[in-house]
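Computed from heavy atoms alone, side chains included, the values below leave out hydrogens, waters and symmetry copies.
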Amino acid sequence: MTAILQGVRILEVAEHTFVPAASAVLSDLGADVIKIEHVERGDAMRGLGSTGLAGLGGEVHPLLEHSNRGKRSIGLDLASDAGRDVLYRLAATCDVFLTNKMPGVRSRLKIGVEEIRAANPDIIYARGTGQGEYGPDADKGSYDSLAFWARSGAAVGAMRPEYDIVPPAPAPGFGDSVGGMTIAGGIMGALFHRERTGEATEVDVSLLGAGLWAMGQALALSDRLGMPWKPGPADQSMNPLVANYETSDGRWIALTCLQAGVYWGSMCEVIERLDLAVDERFARHADLVANCTPAMHELSAAFAARPLAEWIERLANFTGQWAVVQDSVEVISDPQTVANGYLQECYSAEGTAFRLVAAPVQYNGSPAVPTRAPQFNEHCEEILGEIGLDMDAIIQLKIDGVVA
């Protein structure tokens with residue numbers, strides 16, 4: 001793949017997933033990312049032992065790898081003057097400063113726009129926050145399960161009316177990864193703008209803002225209609241070919257054929273019910289809409305009569321839009337996943353092979369190939385040497401606890 005960000009240098013003061021995922025994408029695309037970690041414990045993600053019901057023990061930490069692939073690490077005490085001096089010297093060599101620290105923390109650590117720009121007037125300053133840079137909750141921390149999922153309306157939008165529970169986000173770091181890609185795009189736009197105009201801009205992305213964008217169509221509808229977006233009951237629809245149907249072996253087929261009248265005849269062939277194609281209740285699109293419930297009952301009975309494998313064969317030449325509802329293990333071996341290189345193999349520092357999802361943007365027809373996340377403080381001497389510190393100075397910083 002073309003390393004379109006080769007020569008771009010990014011200084012990251014961030015932890016967890018949201019903001020680090022942004023620089024992980026940029027690293028995949030060729031950027032040199034220097035990750036500043038807490039001088040004693042490193043990124044808090046390193047200490048995470050489980051997520052949901054899944055343990056994270058073993059030689060590979062998948063969550064850390066996802067959001068820190070390809071970076072270089074240094075443990076640095078930003079609460080000290082000496083540590084900040086190192087940070088400022090690093091900032092002077094970088095194109096982008098990226099952080100997820102809240103406004104109060106940035107002020108206390110003296111890593112705000114003014115301080116970083118004093119070290120490098122041309123640096124792009126990028127912030128990732130929970131609820132945005134302004135407003136009453138600007139200085140409150142958050143997680144994607146809160147700001148992106150719960151607060152944005154996404155959780156209510158995913159609630160099933162049959163069950164009186166709030167559904168959790170579908171994956172760890174779900175909103176973080178979406179938001180991180182948004183930050184990455186914002187930074188790339190800022191780099192392009194600086195290249196064209198010479199102006200270094202500030203970039204702001206929040207989990208709440210990313211969640212609102214993901215819910216954008218629903219929010220626009222709600223604003224016009226004055227009612228919240230909620231899914232209807234599973235057995236109520238205006239289109240029988242926009243629904244999920246269970247197979248005889250407990251699997252599911254998802255149909256999304258928006259032009260029901262166009263595809264109804266073909267679907268009747270697939271399920272071997274040609275009588276339904278000429279049934280006056282379903283003869284035209286308007287009839288299908290008016291008689292959606294009985295049409296759904298016919299399809300439900302048909303799909304429930306055969307296993308998934310048989311339906312995959314029967315639907316192979318169906319011209320409408322459909323998909324198997326897959327779990328996260330199945331999608332790894334999905335032929336489209338494999339053919340497009342959407343997962344790439346990496347190796348841990350110990351040589352253990354594992355796979356990561358590649359950055360979702362490709363250039364010149366090739367996926368970006370990620371490399372492993374750094375071990376804590378793995379590149380301390382290398383990074384400090386790049387800003388002119390000799391080994392005696394580095395050893396003294398270590399003795400003083402400024403660097404790990």
Side-chain angles (χ1 to χ4, degrees), residues 1-6 17 20-31 51-56 58-71 169-182 184-185 188 214 244-247 249-257 270 303 306-373:
M1 190 211 74
T2 303
I4 64 164
L5 294 181
Q6 187 172 8
T17 301
S23 54
V25 170
L26 300 176
S27 172
D28 280 0
L29 300 181
T51 180
L53 300 177
L56 299 175
E59 295 180 359
V60 176
H61 191 318
L63 305 193
L64 180 77
E65 295 289 346
H66 170 74
S67 53
N68 290 286
R69 80 270 298 283
K71 301 178 185 179
F174 181 74
D176 290 333
S177 296
V178 174
M181 191 65 190
T182 306
M188 292 173 73
N244 302 323
Y245 293 99
E246 189 174 10
T247 64
D249 52 350
R251 299 300 304 276
W252 291 84
I253 296 287
L255 303 178
T256 305
C257 305
V270 170
F303 277 103
R306 293 182 171 93
L308 175 64
E310 186 171 342
W311 285 119
I312 291 175
E313 292 182 6
R314 288 173 171 270
L315 288 164
N317 295 319
F318 176 58
T319 56
Q321 297 75 40
W322 65 279
V324 175
V325 179
Q326 300 185 131
D327 64 32
S328 55
V329 170
E330 291 171 320
V331 74
I332 291 171
S333 57
D334 185 311
Q336 287 303 118
T337 300
V338 175
N340 288 281
Y342 290 150
L343 261 76
Q344 292 289 320
E345 189 166 70
C346 297
Y347 292 90
S348 71
E350 294 76 21
T352 301
F354 64 98
R355 286 184 288 185
L356 291 174
V357 174
V361 58
Q362 297 184 2
Y363 294 93
N364 292 332
S366 299
V369 179
T371 56
R372 66 171 176 85

Can any side-chain N or O of [X] pair as donor or acceptor with the backbone N or O of [Y] at less than 3.5 Å?
X	Y	answer
K71	S23	no
W322	L315	yes
S348	E350	yes
D176	A21	no
E65	C346	no
T337	V331	yes

Minimum heavy-atom separation for [X] and [Y], please, with both atom names.
X	Y	result
Q344	P370	CB-CD, 3.5 Å
G341	A358	O-CB, 3.9 Å
N68	P20	OD1-CB, 3.9 Å
P172	L63	CG-CD2, 4.4 Å
R69	D28	NH1-OD2, 2.6 Å
A359	V25	CB-CG1, 4.3 Å

If the plane angle is over 60° it's perpendicular, under 30° parallel, otherwise tilted; pick one for F303 and W311.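 Aromatic pair F303/W311 classed tilted.
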Check whether any side-chain heavy atom of T247 sits under 4.5 Å from a side-chain heavy atom of E310, and report yes or no. no
Below 4.5 Å, heavy atoms only, C-beta onward: do F354 and H61 meet side chain to side chain?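 No, their side chains stay 4.5 Å or more apart.
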From [X] atom [atom1] to [Y] atom [atom2], the distance as rounded to the nearest 0.5 Å:
X	Y	atom1	atom2	result
R355	Y342	CZ	OH	16.0 Å
I4	M188	CD1	CE	3.5 Å
Q326	L308	CD	CG	9.0 Å
I253	E246	CD1	CD	11.5 Å

Go through the structure and list residues passing side chain to side chain contact (heavy atoms under 4.5 Å, CB included) with V357, not counting sequence neighbours.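 Only L343 meet the side chain to side chain contact (heavy atoms under 4.5 Å, CB included) criterion with V357.
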Could you check whether atom CG of D327 has more than 12 heavy atoms from other residues, nucleotides or ligands sitting under 6.0 Å from it?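 Yes, the 6.0 Å shell around CG holds more than 12 heavy atoms from other groups.
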Start with the C-alpha gap between L255 and N244, add the side-chain angles, then the distance that decides, and say whether side-chain contact (heavy atoms from CB on, under 4.5 Å) holds. CA-CA 6 Å; L255 303 178; N244 302 323; over 6 Å; no
Salt bridge or not for E313 and R306, using N-O below 4.0 Å?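 No, E313 and R306 are not salt-bridged.
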When you check the side-chain N and O atoms of S366 and N364, is any donor under 3.5 Å from an acceptor?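 No, because no side-chain N or O of S366 sits under 3.5 Å from a partner of the opposite role on N364.
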